[in-house]
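Input: a single structure, listed below in structure tokens.
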Amino acid sequence: MKFLVYSLLALLGTICHVEASKCTDCIASGKHWCVTVNECGFSPCVTSISKALNCPELPDKAHAYDDAFVRSKILVTTAAAFNNNPQKCFKNAMPTMTLSKTFSVNCSEVGPQTNCFGFTSFDTAQKVVVMSFRGTQGATQLTEEILDFFTGKKPFFNDAGHIFTYFYDAFFFLWNGGLSQDIRNLKYKYPDYELWVTGHSLGGAIASIAASYVVHTGLYTGDNVKLVTMGQPRTGDYDYAVWHDKTFPYSFRIVHHKDIVPHIPPQYGKDELFHHRTEVWYNNNMTTTDPYKVCAEADGLYCSNRQLDSYPPDHLTYFDINMPDWGSQGCPKN
């Protein structure tokens, strides 16, 4: 049975790859790809694709999404960022993981002080190093993020697009606040370890930038990084998403049902922010038996973008756990 499932997944991946190639070539020629009939330039078309990143393509088998891995490992490292002492979470939920350092900085250039928090850790049993970042805390920080939607974006190097200003600044406040030195020390000490980068909400956006930065600067290679975020808002523009998708074979954005945050800032506007791959949408309560969809499009009118309404608690609750509460309590066993 397992062999049959893997065979079907491999076949589906091959079909998606072929369709993606046709779709990409079609868009490169200046036409639209009609999803309804899988033809280039077909008109009238009920559902069409005009952005190459929305051409249907799934991760290969070697980098496939694994619900059990995310629930047992990534959920812990993500929730631990909501505790000022992440080791409390590791003690209860992942005893082999050891905290290296925490970083807490003011990430507001103007106005009231707002805090950004992250940590590094390592696990000699699993042979991994971790960077994880806390989500938005309180109404003041949320207000600052929303107001900064109108201040534009900043370039991410010369070849990797642009990043939304608030997220860009937040990452560099943390990077210059000690994260840079510690992650370099961990890389020197554990040169062959895999890097996991995680975060929820604002922390998901910072995680995306952090993973991109350590790869672009040559500290890590994209194929040795696992980036997994939950409730991540749009972080950069289309060019950033293109660069990201060429760089990271293992990158997943998990979205819970009617969580509104992954849909802000708006996709289209003067800054044209755009999600990178790969969305995993749980259109349910995310219990252990609930299904999920690995989305073949980066940021099209499919998967969670089909939701016309929102439900605020879905942003806090992932995998049937209130993320901030569980983490702040030390990730107690159920």
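Here the two cysteines Cys45 and Cys34 have their SG atoms closer than 2.5 angstrom. If you check the gamma sulfurs of Cys23 and Cys40, they are not less than 2.5 Å from each other.
For Thr36 (side chain) and Thr47 (main-chain N/O), a donor-acceptor pair under 3.5 Å exists by modelled atom type. Side-chain atoms of Asn54 do not come within 3.5 Å of backbone N or O of Ile49 as any donor-acceptor pair. The backbone N or O of Cys26 sits less than 3.5 Å from a side-chain atom of Ser29, completing a donor-acceptor pair. A donor-acceptor contact shorter than 3.5 Å is absent between the side chain of Glu279 and the backbone of Val294. Side-chain N or O atoms of Arg234 include one that pairs as donor or acceptor with a backbone N or O of Pro265 at under 3.5 Å. A distance-only check finds a donor-acceptor pair linking the side chain of Ser212 to the backbone of Ser208 [under 3.5 Å]. Distance alone, capped at 3.5 Å, places no donor-acceptor pair between the Asn83 side chain and the Cys89 backbone. Looking only at distances, no side-chain donor or acceptor of Thr229 sits under 3.5 Å from a matching main-chain atom of Leu227. Panel note: side chain Arg253, backbone His276; a donor-acceptor pair is recorded below 3.5 Å.
Between Asp290 and Asn285 there is a side-chain heavy-atom pair separated by less than 4.5 Å. With a 4.5 Å cut-off on side-chain heavy atoms, Ile27 and Ser50 do not count as touching. Contact check for Phe171 versus Cys107: no side-chain heavy atoms found under the 4.5 Å cut-off. Within the 4.5 Å cutoff, the side chain of Val242 has no heavy atoms near those of the Phe274 side chain. With contacts defined as side-chain heavy-atom distances shorter than 4.5 Å, the pair Trp243/Phe248 qualifies. Side-chain atoms of Lys293 and Val280, non-hydrogen and from C-beta on, never get closer than 4.5 Å to each other. Side-chain contact check for Cys55 versus Leu53: every heavy-atom pair is 4.5 Å or farther apart. A heavy-atom distance below 4.5 Å is not found between the side chains of Asp245 and Glu57.
When the shell of 6.0 Å around CG of Asp309 is examined, it contains more than 12 heavy atoms from other residues, nucleotides or ligands. Enclosure of atom CG in Leu219 by more than 12 non-hydrogen atoms of other residues, nucleotides or ligands within 6.0 angstrom is indicated. Shown here is Tyr311, whose OH atom has no more than 12 heavy atoms of other residues, nucleotides or ligands within 6.0 Å.
Looking only at atom types and distance, the side chain of Tyr282 has a donor-acceptor partner in the side chain of Asp67 under 3.5 Å away. Remark: the Lys88 side chain and the Gln329 side chain contain no N/O donor-acceptor pair separated by less than 3.5 Å. For Asn284 and Tyr292, the side-chain atoms include no donor-acceptor pair closer than 3.5 Å. With 3.5 Å as the limit, one finds no donor-acceptor pair spanning the side chains of Asp314 and His257. Looking only at atom types and distance, the side chain of Asp223 has a donor-acceptor partner in the side chain of Thr221 under 3.5 Å away. For the residue pair Thr102/Asn84, the side-chain donor-acceptor check at 3.5 Å is not satisfied. No hydrogens or angles considered: a donor-acceptor pair under 3.5 Å links the side chains of His263 and Asn305. No hydrogens or angles considered: nothing links the side chains of Gln87 and Thr98 as a donor-acceptor pair under 3.5 Å. A donor atom on one side chain and an acceptor atom on the other are found under 3.5 Å apart for Ser132 and Thr198.
Transitive grouping of hydrophobic side chains (ILVMFWY, heavy atoms separated by less than 4.5 Å) brings Met94 and Trp326 into a common cluster. By the rule that hydrophobic residues join a cluster once side-chain heavy atoms approach within less than 4.5 Å of another member, Val255 and Leu202 end up as members of separate clusters. Follow the hydrophobic side-chain contacts under 4.5 Å out from Val228 and you reach Trp196 in the same cluster. Under the 4.5 Å side-chain heavy-atom criterion for grouping Ile, Leu, Val, Met, Phe, Trp and Tyr, Phe69 is not connected to Trp281 through any hydrophobic cluster. Both Phe90 and Ile321 are part of a single hydrophobic cluster, where members link through side-chain heavy atoms under 4.5 Å apart.
Among Val214, Asp182, Leu174, the one residue that satisfies the side-chain contact (heavy atoms from CB on, under 4.5 Å) test with Met131 is Val214. If you run side-chain contact (heavy atoms from CB on, under 4.5 Å) between Pro262 and each of Met230, Gln232, His275, only His275 comes through.
Residues satisfying the salt bridge (charged side-chain N to carboxylate O under 4.0 Å, His left out) criterion with Asp159, sequence neighbours excluded, are absent altogether. By the side chain to side chain donor-acceptor pair (under 3.5 Å) test, Glu297 is found to be paired with no residue, residues two or more places apart in sequence or in another chain being considered.
Nearest heavy-atom pair across Ile163 and Tyr240 is CD1-CE1, 3.7 Å. Heavy-atom minimum distance, Pro44 versus Phe42: O-CE2, 3.4 Å. Closest non-hydrogen pair, Ser104 versus Asn115, comes out as OG-ND2, 2.6 Å. Closest non-hydrogen pair, Ser201 versus Val261, comes out as OG-CG1, 4.3 Å.
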Intermediate values then yes/no, side chain to side chain contact (heavy atoms under 4.5 Å, CB included), Met323 and Leu316 = CA-CA 6 Å; Met323 181 84 62; Leu316 300 178; 6.0 Å; no

Going through the checks in order, is the side chain to side chain contact (heavy atoms under 4.5 Å, CB included) test met by Val128 and Leu195?
-> CA-CA 6 Å; Val128 298; Leu195 176 66; over 6 Å; no

Salt bridge (charged side-chain N to carboxylate O under 4.0 Å, His left out) between Asp299 and Arg277, worked out | CA-CA 8 Å; Asp299 198 3; Arg277 294 183 188 269; over 6 Å; no

Under the side chain to side chain contact (heavy atoms under 4.5 Å, CB included) criterion, do Val215 and Val225 qualify, and how do the steps go?
-> CA-CA 9 Å; Val215 169; Val225 174; 4.0 Å; yes

Quick one: do Thr235 and Leu273 satisfy side chain to side chain contact (heavy atoms under 4.5 Å, CB included)? Show the steps, please.
-> CA-CA 7 Å; Thr235 304; Leu273 298 184; over 6 Å; no

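Classification of the Tyr250-Phe252 ring pair by plane angle, with boundaries at 30° and 60°, yields perpendicular. Note: Phe167 and Phe164 have perpendicular aromatic rings, judged against thresholds of 30 and 60 degrees for the angle between ring planes.
Because its NZ or CZ atom is not both nearer than 6.0 Å to the ring centre of Tyr168 and within 45° of the ring axis, Lys153 does not count as a cation-pi partner of that residue. For Lys101 and Phe119, the positive end is not near the middle of the six-membered ring at less than 6.0 Å and at most 45° from its axis. In this structure, Arg71 forms no cation-pi arrangement with Phe319, as its terminal cationic atom is not both closer than 6.0 Å to the ring centre and no more than 45° off the ring axis.
Ring centroids of Phe157 and Tyr213 are separated by less than 6.0 Å, placing the two rings close together. Two rings, from His200 and Phe133, have their centers 6.0 Å or more apart. The distance between the ring centers of Tyr318 and His256 falls below 6.0 angstrom.
The pair Glu194-Lys226 counts as a salt bridge, with a side-chain nitrogen and a carboxylate oxygen less than 4.0 angstrom apart.
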